[in-house]
2 protein chains.
Amino acid sequence: MLAKNNSQVQILPMKTAKKRSSDKKITLVDVADASGVSAITVSRVINQPEKVSESLRIQVQKAIDALGYIPNQHASSLASSKSKVIGVAIPSLSNIVFTEVLRGIYEVMGAAGYKVLLVDTHYSPLEEEKMVRTLLSQSPEGLIITGGDQTKACQNFLHKARIPIVQIMELLADPIDMNVGFAHGRAGFDVVKYLLGQGYERIGFIGARMDPRVQQRMQGYKLALEQAGKFEKNYIVTTPEPSSIGVGGELFKSLMASTNGVIDAVFCVNDDLALGALFEAQRMNIRVPQDMAICGFNDIEAAGYVNPSLTSVSVGRYEMGVKASEMIIRVLNDKPIESKKIDMGYEIRKRASTTRLL
Amino acid sequence: MLAKNNSQVQILPMKTAKKRSSDKKITLVDVADASGVSAITVSRVINQPEKVSESLRIQVQKAIDALGYIPNQHASSLASSKSKVIGVAIPSLSNIVFTEVLRGIYEVMGAAGYKVLLVDTHYSPLEEEKMVRTLLSQSPEGLIITGGDQTKACQNFLHKARIPIVQIMELLADPIDMNVGFAHGRAGFDVVKYLLGQGYERIGFIGARMDPRVQQRMQGYKLALEQAGKFEKNYIVTTPEPSSIGVGGELFKSLMASTNGVIDAVFCVNDDLALGALFEAQRMNIRVPQDMAICGFNDIEAAGYVNPSLTSVSVGRYEMGVKASEMIIRVLNDKPIESKKIDMGYEIRKRASTTRLL
DNA sequence: AAGCACAATGATTGCGCTATCATCAGCATG
DNA sequence: CATGCTGATGATAGCGCAATCATTGTGCTT
C-alpha cells in the first residue's frame, strides 16, 4: 500500500490541473504526488537526504527538478521555527566602512547556508528600533547590529529575543550579548601622539556625521592634546552632515579660516574627509606634509595610492564581519567561543602625508 | 457571549504560564487573551487598524506593548501569501556602483514597507541561479536583478515566478519583465569620440573584471576607434581581476610598456582604475592632461576632487535603484507604468584630465 | 415599527511545511 | 522462535496567522 493510493490520486487530476494553469504554486504535496511518495519523504529529500534511500531520493529529486519546485521558506520556518535568516543592521549603506564588514558577513553566512536580511538605520536609534522590530518579525536565528546606542525599548526586544547577537564596530562596556570591535578613543589618542611625535604642534580636527564612534575618536584626540598642553577648542571643526570628499574640503577651508592658518596638522575622522582636505590643500598651495600633515581614518584603498600617500588608521573591517558571523554560527551550533568580546585592534599606517621631511 | 468564553480561558492559566517562563514566544493569541478580544481583532489592529473601533484598538495596542509582542512574519506570509519582501541580486557588495543603486532601492522599498533580501552573485551566473532560488524560496513579491546573463534554468524560475521583475544596470534586448539601465556600448563609443575630438589620437583601454557591461563599453570603444581608423589591438589591456586603484596603476604601467609609451589617452572602464592610472602617471612624471588624457567611468565623488579632476561618465545609480523600485511598487499596486523599459542615460563629465590645454 | 445598510467583532478554516510518533520490513541476538 | 533493534517510510497534528464568512448591534429609512 505504499504507492497504491498515491498513484490513484496522482496522475489524472493533478496533471490536468497543472497543465491547464501553470501558474498554480507547486508545493511539496505536488512533488510527493508526482513521485509517488508521501510529503514528508519529499521534505526529507530536501532537508535530510541521508535519511532517504538512494533510489527514492533520485526519484523524488527528478520530480523536484521536473516541476521546478521551490520550497516555501515561510511554511518551513513556521513549522520548524528555523528561519535560516540572520538579521544585520548597519547605519549606512553608502559608507564603504560598512560594506566591507558586510562582505565578511555575507561570505561566512552564505557559506553556512544563512540568508542575510539587511536593514539601514540611517544612524538613528529610533529608526534602528523600528528596523530591529522588522528583523525580529522574521524570526532571525542571529543578529548583527552596529554599536551600542540602542533605545531602551530596542534593548528590551533584543534581550527577549534569546538569539545570539553581536554588536560590532566599537568595544562596548555592557554589550547585550557578544561584541566585536576596536577602541576608537584609543585610536584617536594614538594618532595625535604619533603626529606630535612627528613634530607637528597645532593639530586640528575635522569630523562629520559625528556618530558615537566618531565622537570617541574625537575624545581621544582631545585627551592626547590636553595631556600635551596643546588643546585649543577652535582647532575642532565638525558638521552633522554625512562625510564626503567635498565636505572634507569645506571643513578644511573652515579650519584654516577659523584658525588663521596656524594649523600644521589635521586629523580627519575618516579618509573621505582626509582626501577632501588633501585635495583642497593642494588647491590652496599648501604643501603636504611640509606645511601640513593630514591623517585619515579607515585606510581605504585610495589612501595608499594618492600623492602624497595618506596616513590612515587601518582596521580589519572585513575580518570584523567574518568574526562576528563566526561567533554567531558557533553559538548556533553549540560550539564554544573563546570570548564574548573581541578587540580587533587597529594600526596606524604611516605614510607620506604625515612624514616630516628632514 | 462576546467576551465570556475568552475571560474564562484567559487570565488564570495563561498568566501563570507566562510569568513562569518569559521565554515562551508571545503570539497573537496571547495578546488576544490579554486584551480580552479575539485573535482576528488583534490581527486587524496591526494590519487594518481603521477597521477596529478606537477604544478596542487602544486596548489591544496596550496589550501588544505590554507583552512586547512582535508578529511572526512567516505565519503571516503563509496565511496571506504576502511576504512584503523584495529580492535583490547584485554581483558585488564591495563595488560602490551597486551600493548606490541599493541606496535607492532601500529608500523606496523601506518607505513602502518592504523588506529587502539582498544576495551577492559574485558576477557568476551559476551563483546567481542558486541565489535566485534562495530569493524565490522567500516568496518575494518582486525581484530586482542585475543584467541579463542568467542561466537557462534561472530564466525559467524567473518566468515561472509571476512576480514583477526588474533587470537593472544595462539595457536588454529581451528582458524577462521590466528593465532599467543605460547603453554601455554607446557610452564607450561616445567617450572615444570625445577624446578624439579633444585631439587625442592613440587611445588606450584599461579594463578589469570584464563583466558583460564592461565588455559592452569596450565594444563601444573599439567601434569608435575602428570608425576613425585608429584602432590598435595592443592598445587594450585587461584583466579578469576585480577593479581597484592598485590594479589600475598596474594596468596603466602594462599599457605604457606594451605600447612603448606612444599612448596619449586612456579610457578606463571605471573610476577606480582611472584613479590608479592617474596616480601612477603622476609617479611616472607623465603630465595629465598634457601628455596623457585619462577618462574614467561612473563619476564617483573623488573624480571631481582629485587633481587634476577626472573626466568620467556620470550615471544615475541612485535614481536607477529608485526607478526600479517604483516600477515594482506600481505594478504591485496595479498602477500603470509608463514603459517596461527605461533608459537612464548617462553624461560625460568633462574635466581637467582630458582637457587639451592650448 | 419593520426593514435595511453598515460597522464592528468573532469562529472557522487552511496556508505549506516539519516534528512527532507510528508502522513495518529485515535482520541479529539470545 | 520470540525478542529487540535498526532503517526507511508514512499518518497526523499543529506552527501563527489572515481570508472568509457569520454574527451582532446600531442607526437610518420608509
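The shown structure was predicted, so the numbers you read here are calculated from the model rather than taken from an experiment. Numbered from 1 within each chain, the chains take letters A, B, ... in sequence-line order.
Taking a 6.0 Å sphere around NZ of B/Lys130, one finds it holds 12 or fewer heavy atoms contributed by other residues, nucleotides or ligands. Atom CD of A/Glu338 is surrounded by 12 or fewer heavy atoms from other residues, nucleotides or ligands within 6.0 Å.
Under 4.0 angstrom from either OP1 or OP2 of D/dC15 there lies no side-chain N or O belonging to A/Ser81. Applying the 4.0 Å criterion to OP1 and OP2 of D/dG10, one finds that A/Ser38 has a side-chain N or O inside that range. Residue A/Ser53 has no polar side-chain atom (N or O) positioned under 4.0 Å from OP1 or OP2 of D/dG7. Within the structure, a side-chain polar atom (N or O) of A/Ser43 is placed less than 4.0 Å from OP1 or OP2 of C/dT18. Note on A/Asn72: every side-chain N or O is 4.0 Å or more away from OP1 and OP2 of C/dC15. Residue A/Tyr69 places none of its side-chain N or O atoms closer than 4.0 Å to OP1 or OP2 of C/dG16. Here A/Ser76 reaches the OP1 or OP2 of C/dT18: one of its side-chain N or O atoms lies under 4.0 Å away.
Taking only side-chain atoms of B/Ala75, from C-beta outward, the nucleotide of C/dT18, D/dT9, D/dC17 with the closest atom is D/dC17. Checking C/dG10, C/dC17, C/dA19 against every side-chain atom of A/Thr27, the shortest atom distance belongs to C/dC17.
Where B/Ala79 and B/Glu54 each meet DNA chain C at their nearest nucleotide, the meeting point lying more 5' is that of B/Glu54.
Base contact: B/Ile40 has a heavy atom under 4.0 Å from a base atom.
Between B/His74 and A/His74, the angle of the ring planes lies from 30° to 60°, which puts this pair in the tilted group.
D/dC17 atom C1' lies 13 Å from atom CZ of B/Arg44, rounded to whole Å. Straight-line distance from the CG atom of B/Leu78 to the P atom of C/dT13: 18 Å, rounded to whole Å. Computed from coordinates, the A/Gln48 CD to C/dT20 C1' distance equals 12 Å when rounded to whole Å.
When side chains are defined from C-beta on, A/Lys340 counts as touching A/Asp177, because their heavy atoms get closer than 4.5 Å.
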